[in-house]
Amino acid sequence: MNKYQAGVRVKGQLVKTAVFADSPIHARLILQYQFGMDSIVSYPLAITEVATIKPLTPDQQRIKSMKDRVKQDQAAVKAERARQKIRAGQAELARS
């Protein structure tokens, strides 16, 4: 079963509602049965649930920040080596 969300008109008010069904057509049929044939304002769309991320403990956060700093430092070293190679190549071209 999937979760579907649709807009339905109830007593003149637009209400968003969710329904569990096997397909969008099945969801539309369920909503029509519950609220009436002309009450569906927007076609049922599947809702994907987003998993919640547990916050890290202070020790885990400290280790993660250290790993992130190592990656940043490695990228900085790589960029500096590339700059030095370019500078050396430009100097060699200037001597020629």
Mind checking whether Val10 and Val19 sit in one hydrophobic cluster, side chains of I, L, V, M, F, W, Y counted as touching below 4.5 Å? yes

Would you check if Arg81 and Lys85 make a side-chain contact, meaning some heavy-atom pair closer than 4.5 Å? no

Nearest 0.5 Å please: distance from the OG1 atom of Thr57 over to the CZ atom of Arg62. 8.5 Å

Taking atom CD as the centre, does Gln84 end up with more than 12 heavy-atom neighbours from other residues, nucleotides or ligands that are less than 6.0 angstrom away? yes

Enter the distance from Ser42:OG to Arg9:CZ here, rounded to the nearest 0.5 Å. 10.5 Å

From Met1 atom CE to Ser23 atom OG, the distance as rounded to the nearest 0.5 Å: 10.0 Å

Do Leu45 and Val41 belong together in a cluster built from hydrophobic side chains that touch within less than 4.5 Å? no

Under 4.5 Å between any side-chain heavy atoms of Leu31 and Pro44, yes or no? yes

Distance check, rounded to the nearest 0.5 Å: Ile63 atom CD1 versus Gln61 atom CD? 10.5 Å

Using side-chain heavy atoms (C-beta onward) and a distance below 4.5 Å, is Gln90 in contact with Ile86? yes

For Asp38, salt bridge (Lys or Arg N to Asp or Glu O under 4.0 Å) partners two or more places apart: none

Does a sphere of radius 6.0 Å around CE in Met37 hold more than 12 heavy atoms from other residues, nucleotides or ligands, not counting ones at 6.0 Å or beyond? no

Hey, are the side chains of Gln60 and Lys64 touching, using non-hydrogen atoms and a 4.5 Å cut-off? no

Spacing of Asp22 atom CG and Tyr4 atom OH [to the nearest 0.5 Å]: 7.5 Å

Is any side-chain heavy atom of Gln74 closer than 4.5 Å to a side-chain heavy atom of Val77? no

Glu80/Arg83 salt bridge by N-O under 4.0 Å criterion: yes

Any side-chain heavy atom of Lys3 sitting closer than 4.5 Å to one from Ile47? yes

Within-4.5 Å side-chain heavy-atom neighbours: Phe35 and Thr17: yes

Using a cut-off of 6.0 Å, state whether more than 12 heavy atoms not belonging to Ile25 lie near its atom CD1. no

